[in-house]
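Below: the structure, in structure tokens.
Bear in mind that the values here come from a model prediction, so they are computed numbers and not experimental data.
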Amino acid sequence: MFVGTVRSAVKISETDKRLDLIPDEVFAGDSSELTASVNQACLPKNEPEIKAGDRWLFYVRPKSRPDEIRNVPLEVPFYSRSKPASQAEGDIAVLRELSKVIDKGILTGKVVHIGPTYDDLHPTPVAHHKVVAKSLPSGLKYQALTDKNGRFEFELPPGSYVVSAATQRGLREIEPSEWTFGANVSSNGEIPVANRTCSDLDFSLIADGKLAGRVKSAKGNPASFVKVAIIPILPVHPQFVVQADKNGRFEAAGLQPGQYIVGVGLLAPFDSSDWKSRVYYPGVASQAKSKVIKLAEGEWRTDVNFSLRPATGSASSDPSIAANERRR
């Protein structure tokens with residue numbers, strides 16, 4: 001890792017260049033001049049082409065196949081964080097700080113809110129948001145707050161950590177994108193931190209709406225293990241079923257803002273006994289009489305309580321209701 005000047009940039013294939021580099025501020029590695037290859041197409045799309053005379057922050061590593069491109073042993077890696085020095089002030093500041101750290105490593109990253117729904121994505125930095133790093137196996141927790149640009153930073157003792165930005169009610173993480181230098185995120189989400197290493201872990205948050213409640217039988221007993229249908233009607237998304245526990249309590253999390261219909265038997269096979277005895281929240285026999293639940297962004301509704309209907313007198317006994325339900 002170093003800030004340096006590109007002495008020359010020579011095209012050696014349709015996509016690759018050979019770079020002769022002169023380091024002038026080294027954060028890891030030696031300070032001698034070096035040669036590395038770069039596939040410009042593998043750098044982020046918004047990065048300019050690397051040209052002679054440019055000054056960049058470079059992350060360079062040995063090639064896994066040194067003879068791949070005209071015996072150039074080093075490369076600017078795929079999805080590298082290398083960038084023009086003029087655009088890398090924050091990264092350089094972190095690396096300068098890291099060079100002073102003896103018995104810790106630095107973990108940094110960014111938190112963005114990608115939007116209220118998957119149909120309306122507008123990534124924006126989340127400022128003043130708490131990020132938690134939990135040490136394993138001790139469980140000791142470290143906290144950091146994002147700045148106005150959504151950036152956070154930890155100085156952590158060596159070890160393994162699980163890091164989360166899902167620390168605020170109504171928000172949840174989608175799969176994090178990550179890039180690390182000298183460390184890798186494991187399949188179970190652990191990230192190792194070693195002395196004088198720098199790792200980067202970015203988080204994208206989206207609304208975490210929740211619907212929860214309790215279902216009782218017609219006699220008032222818990223409707224144990226009953227299957228509760230969750231049907232998004234605006235915007236229209238896939239319907240699904242969650243199973244209540246032995247006490248009749250159910251929960252559906254990770255919901256986007258919108259309008260929902262909830263009930264039991266709604267997604268059962270047509271004309272089955274479950275379908276014939278279906279019930280819509282708040283305990284009615286037809287969708288026309290049901291209550292549509294309007295869920296705001298990140299809202300938790302935990303009062304979706306209703307009772308099943310008796311086995312007799314189901315909606316199917318009224319031909320007009322059954323016909324209307326089939327048309328829906």
Next on the checklist: With salt bridge (charged side-chain N to carboxylate O under 4.0 Å, His left out) as the criterion, how do Lys17 and Glu49 come out once you've worked through the C-alpha distance, each side chain's angles and the decisive distance to 0.1 Å?
Outcome noted: CA-CA 10 Å; Lys17 287 183 177 181; Glu49 183 179 357; 2.4 Å; yes
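- In the displayed structure, Glu89 atom CD is contacted under 6.0 Å by more than 12 heavy atoms of other residues, nucleotides or ligands.
- Inter-residue side-chain proximity for Leu205 and His129 is flagged as met; some heavy-atom pair is nearer than 4.5 Å.
- Taking 4.5 Å as the limit, every side-chain heavy atom of Leu136 sits out of range of all side-chain heavy atoms of Tyr161.
- Annotation: the span from Phe225 atom CZ to Gln243 atom CD amounts to 7.0 Å, rounded to 0.5 Å.
- Here the closest heavy-atom approach between residue Ser135 and residue Tyr142 is recorded as CB-CE1, 4.4 Å.
- Here the shortest heavy-atom pairing between Pro310 and Ala218 reads N-CB, 3.7 Å.
- With rounding to the nearest 0.5 angstrom, the OG1 atom of Thr5 is 9.0 Å from the CG atom of Asp54.
- For the residue pair Ser164 / Glu173, a side-chain donor-acceptor distance below 3.5 Å is found, with atom types taken as modelled.
- For the ring-ring contact (aromatic ring centres under 6.0 Å, His included) criterion with Phe2, the lone passing option out of Tyr59, Phe58, Trp56 is Phe58.
- Between Leu57 and Phe27 the shortest side-chain heavy-atom distance falls below 4.5 Å.
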Checklist entry - Where do Arg18 and Thr35 land on the side chain to side chain contact (heavy atoms under 4.5 Å, CB included) test, with the steps shown first? => result CA-CA 7 Å; Arg18 185 183 68 243; Thr35 300; 3.3 Å; yes
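- Gly4 and Asp24 get closest at one heavy-atom pair: CA-OD2, 3.8 Å.
- Of the N and O atoms on the side chains of Asp16 and Ser37, not one donor lies less than 3.5 Å from an acceptor on the other residue.
- What you find for Val292 and Ile233 is that their closest heavy atoms are CG1-CD1, 3.8 Å.
- The hydrophobic cluster around Tyr260 extends to Leu211, Val215, Val226, Val228, Ile230, Phe240, Val242, Phe250, Leu255, Val262, Val264, Val279, Tyr281, Ile293, Leu295, Val304, Phe306, Leu308, counting ILVMFWY residues whose side-chain heavy atoms fall within less than 4.5 Å of a member.
- Looking at heavy atoms from C-beta onward, Val162 lies out of side-chain contact with Val132 at the 4.5 angstrom threshold.
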Next on the checklist: With salt bridge (charged side-chain N to carboxylate O under 4.0 Å, His left out) as the criterion, how do Glu33 and Arg7 come out once you've worked through the C-alpha distance, each side chain's angles and the decisive distance to 0.1 Å?
Outcome noted: CA-CA 10 Å; Glu33 296 184 17; Arg7 185 170 64 180; 2.9 Å; yes
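- Taking 4.0 Å as the cut-off between side-chain N and carboxylate O, Arg96 and Glu25 count as a salt-bridged pair.
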Checklist entry - Going through the checks in order, is the side chain to side chain contact (heavy atoms under 4.5 Å, CB included) test met by Ile50 and Val38? => result CA-CA 9 Å; Ile50 301 176; Val38 62; 4.2 Å; yes
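- The shortest side-chain heavy-atom distance between Val193 and Phe154 does not fall under the 4.5 Å cut-off.
- Judged by distance alone, with hydrogens and angles left aside, the side-chain atoms of Asn247 form no donor-acceptor pair with the main-chain N or O of Arg249 at under 3.5 Å.
- Residues Pro84 and Pro48 have side chains in contact (heavy-atom distance under 4.5 Å, counting atoms from C-beta outward).
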Item to check | Pair Asp303-Arg301, salt bridge (charged side-chain N to carboxylate O under 4.0 Å, His left out): steps then yes or no | outcome: CA-CA 6 Å; Asp303 58 350; Arg301 284 283 304 273; 2.9 Å; yes
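- In terms of modelled atom types and a separation under 3.5 Å, the side chain of Trp300 and the main chain of Asp208 share a donor-acceptor contact.
- Ala9 and Leu19 get closest at one heavy-atom pair: CB-CD2, 3.7 Å.
- Side chains of Thr146 and Arg151 form no contact here, defined as non-hydrogen atoms less than 4.5 Å apart.
- Between Glu153 and Leu107 there is no side-chain heavy-atom pair separated by less than 4.5 Å.
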Item to check | Candidate pair Arg61 and Val76, rule side chain to side chain contact (heavy atoms under 4.5 Å, CB included), full reasoning | outcome: CA-CA 7 Å; Arg61 69 182 182 190; Val76 179; over 6 Å; no
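- The minimum heavy-atom distance between Arg309 and Arg278, with the atom names listed, is NH2-O, 2.8 Å.
- Remark: Asp245 CG to Glu251 CD distance equals 10.0 Å, nearest 0.5 Å.
- Atom CG of Asn39 sits about 4.0 Å away from atom OG1 of Thr15, to the nearest 0.5 Å.
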Checklist entry - Can you list the steps and then say if Leu140 with Lys134 is a side chain to side chain contact (heavy atoms under 4.5 Å, CB included)? => result CA-CA 6 Å; Leu140 185 62; Lys134 183 172 73 172; over 6 Å; no
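- Remark: side-chain polar atoms of Asp274 are not paired, donor with acceptor, to backbone N or O of Ala268 under 3.5 angstrom.
- In this structure, Ile231 CD1 and Ser290 OG are separated by 9.0 Å, a value rounded to the nearest 0.5 Å.
- Once rounded to the nearest 0.5 Å, the distance linking CD of Glu155 with NZ of Lys104 reads 6.0 Å.
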